[in-house]
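By convention here, the first residue in the shown sequence is residue 1.
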Amino acid sequence: MGDRRSLGVLVSGLIPEETVREILHRCNIVELVGDYVQLKRVGSTYQALCPFHHDSKPSFYVNESRGFFHCFGCGAGGNAFHFLMKLKGISFPEAVEEVARRVGVQVSARRLSPRDQALWDKRTRLLEVNKKALEFFQEALRDTRGKKARQYLQGRGISPSTWELFSLGWAPEGWRNLSEHIRTLGDKWLSEAQEAGLLVRGHDRFRGRVMFPILDEDSKVLGFGGRTLGGEDPKYLNSPESAIFSKGRCLYGIQVAKGEMRTREQAVVVEGYMDAMALHEAGIKNTVATLGTSLTRDHLLALRRHTPTVVFLFDGDSAGERATLRAVDLCLEAGMWGEVVRLPEGEDPDSFVKKRGPEEMARAIEGAIPLMDYFVQKTVERFSSKGPEAKRRILEEIVPRLRLIGDPVLRDHYVKVVAVKTGVDDGLVEELTRREPPRPWRRAAAPSPSPSESPGVERLLLQCLLQDPSLARGFDDELLEEMQDGTLRELARALRDCVQDGVSPDPTRIQAMFQEANLGRKAAELMARMEEVGEEVDRICEDCLRRLRRKAVERKIHSLASQIEAARARNDEDRLRELEARRALLVVEKKRLSISAVKG
C-alpha cells in the first residue's frame, strides 16, 4: 500500500493517540477559546473578532460539536491544541499539556527532537527560575527586610490585599541577596537566573526595589519591573528581553483584569504599574498597564481576545496626548473601538483618583469620548492657523483613517463630522474616502501559482471524505498521487489509512489525527465550509474521483506520446505497436470517464 501512516505516526509519536483523543474528547473548545476571546453564539456556532489578524467584522468561528475553530479572514484554524499553539507561540506538547491539565488527563512522557526539546527545556527553566525569584521577593516583602517597601506601598494607598493580588515583592539592598538564595537551590539555577536577567555577571540586577512581577494570562512569571526607593536611575527597571519576555507583548495586570474586561466589555489602559493598582483599589478592575513602552499591535490583540472596546487613560501632559494619538491607527487596524479620557494637565490616573475619588474616576471613564472624535478634534486644532491650506492638510491627515473604519455606518458618521469641522462638502469627503490611496509605481510581477490554494475538485473530495470517511476505502496510492495539493493529499491518505485499518474517524478522532498546524488548519477550513458539498455526498465524491482518474489517464497518454516518438525515430515497429495499443486503450478509458461525467 506504499507509505502507510497510522494515527500514532501522524501525531509524530510524541503523545499516544489515545491520550490526545481523550484530551480532545473532554475539552469543550468553546469554553477554552472563550477564556481568551469574547464569543457570541450565532445559530449552532460561535463567532468573534479573530485574535490572529486585524478583523473589523467577526470572521472567527468555533464549532462546538466538531471541536474546531476557523477564521474565514486569515485562514487560521484547527483544534484546541492549534488554538493555543498559535495564540501563545508554544509547541504541540506544551499545548497538549496545558489542555490536559485543564481537563484532568495525565500526559505520558514525550519524545521530542533535540531542537524542540532544547526549546521546551529553556522556556520551562526560565519560567521556573522566575517563579523561584518571585517567591524570594514576596517573602522579603513580608518579613523584616521589607519594612521600607511596605511603608512606601501604604503611603501610596496600596492595601496589603492588593499587594497579594498582584504578587508584589521586595528586592533587598545588596548585590548578592537573590544570587545567594538561588545558589542554595542548586548551582544549575545560577545560569538560568543569568539568562532570565535576574543576575548580571553573578550579581543581583534588582537591588532596593519594590518588585512588580509581570505575569501572563495564566499567571506564569514572564519578567519583573522594579521601582527604586532611593534616588538611583532608572526609577523603574525591567527585566531584559528574553525567550519568554517582551515588553511590547506584555500587559501588566492582565491575569487579574481579564475576567472583569469580559464582564464590562471594556478594558482600561494606563501607562504605569502604580496607575493600574490605584484603579484596581478604586474598584476599576478591568485596568491594565503598558510597561513603560508605547502601545503596540500585540497589546491590542491581547486585549481584543477579551473585549472589543478599550479606554485609554494616559497622563494629562503632552506625552500622554501623543500616546493617545498613536493609538488611533492601532485601534483602527485592529478593528477595536477606542475611547479616551483626558485628565487635567499634570495629573495621572493615580493622582486623579486620590484627589477626586473613585466615583469621579468612574464618571470620567463613563464619559470617555470616542478616540476618532478626539483625533479629528486635535487634527483640526493643529492646522487651525494655516489659512485656506488648512482644509487640505486636515483631510490629508484624516481621510486615510476614515478608509480604515470597517463599519459603513460609522464611516458615514465621521465623513459628516469631518465635513462639518472643515466646511468641505460631505460628498467630496466621501469621494476622497472611497478613492484608492496613491501607491508608488513599480513593475508588476508575473503572478505565480499559490501552493496553498487547492483545486476545487480536491477540496470537494476532502469535504466529502470528512463528512463520510468510509468513502475513502477504495482509494489507492496512484489516485492519491494525482492530487496536486500536498496538504489535501496528506489528509486524504490519513483518512484512507484509518478506514482501511477498521477505524471510523469521528470528529474528535479527526481532530486528534493532525498535530501539524497546517494539517489541522486545513481540516478545520474544510469542515467550516461543509455546506459547499450539499446532501449528495456520494455522487459528488464519485464525480471528484472520476475527474482525478481522468487526469491520471491524461498524464499517462502524455507520457506515452514521447515514448511513441522515440520508438518511431528508432524504427522499432514492435515497440511502436505495443505503445500505440496502450495509448488506444487509454483514449477509450478517457472517453468512458468523460461520458460518465456527462451522464452524472
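Formation of a donor-acceptor pair under 3.5 Å by the His299 side chain with backbone atoms of Cys250 is found in this model. Between the Thr263 side chain and the Gly259 main chain, a donor and an acceptor come within less than 3.5 Å of each other. Side chain of Asp426 to main chain of Ala419: no donor-acceptor pair is present (N/O by atom type, distance under 3.5 Å, no hydrogens or angles). Looking only at distances, no side-chain donor or acceptor of Arg326 sits under 3.5 Å from a matching main-chain atom of Thr296.
Residues Leu127 and Leu222 meet the side-chain proximity criterion, which asks for heavy atoms closer than 4.5 Å. Between Ile29 and Arg66, the closest side-chain pair of non-hydrogen atoms is not below 4.5 Å. At a threshold of 4.5 Å between non-hydrogen side-chain atoms, the residues Asp468 and Asp538 count as touching.
Residue Gln106 holds its CD atom at 10.5 Å from CZ of Arg101, rounded to the nearest 0.5 Å. The OG1 atom of Thr433 sits 6.5 Å away from the CZ atom of Arg403 when rounded to the nearest 0.5 Å. For the atom pair CD of Glu217 and CD of Gln255, the computed distance is 9.5 Å after rounding to the nearest 0.5 Å. Considering CD of Gln38 and CG of Leu49, their distance stands at 8.5 Å, rounded to 0.5 Å. Rounding to the nearest 0.5 Å gives a distance of 11.0 Å between CG of Leu461 and CD1 of Ile540. Rounding to the nearest 0.5 angstrom, the gap separating the CD1 atom in Ile214 from the CD1 atom in Ile254 is 13.0 Å.
Taking the six-membered ring where the residue is Trp, Tyr414 and Trp337 present tilted rings, their angle falling between 30° and 60°. The aromatic rings of Phe312 and Phe314 are tilted relative to each other, their planes meeting at an angle between 30° and 60°.
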Please determine whether side chain to side chain contact (heavy atoms under 4.5 Å, CB included) holds for the pair Val37 and Val62, giving the CA-CA distance in whole Å, both sets of side-chain angles, and the decisive distance to 0.1 Å.
CA-CA 11 Å; Val37 177; Val62 180; over 6 Å; no
Please lay out, stage by stage, how Thr324 and Arg342 fare under the test side chain to side chain contact (heavy atoms under 4.5 Å, CB included).
CA-CA 9 Å; Thr324 303; Arg342 290 303 295 149; 4.2 Å; yes
Assess the residue pair Arg102 and Glu98 against the criterion (salt bridge (Lys or Arg N to Asp or Glu O under 4.0 Å)); give the C-alpha distance rounded to whole Å, side-chain angles, the decisive distance to 0.1 Å, and a yes or no.
CA-CA 6 Å; Arg102 181 187 181 96; Glu98 185 164 329; over 6 Å; no
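Counting heavy atoms of neighbouring residues, nucleotides and ligands inside a 6.0 Å radius, atom NZ of Lys57 does not exceed 12 of them. Heavy-atom neighbours of Lys220 NZ from other residues, nucleotides or ligands within 6.0 Å: above the threshold of 12. Surrounding CZ of Arg249 are at most 12 heavy atoms belonging to other residues, nucleotides or ligands under 6.0 Å away.
Closest approach of Val399 to Leu432, counting heavy atoms only: CG1-O, 3.7 Å.
Using a 4.0 Å cut-off between charged side-chain N and carboxylate O, Arg435 and Glu431 make a salt bridge. We find that Glu554 and Arg547 are not joined by a salt bridge, their nearest charged nitrogen and carboxylate oxygen being 4.0 Å or further apart.
For Glu397 and Thr379, the side-chain atoms include no donor-acceptor pair closer than 3.5 Å.
For Phe83, the ring pair (Phe, Tyr, Trp, His ring centres under 6.0 Å) partners at least two apart in sequence or on another chain are Phe52, Phe69.
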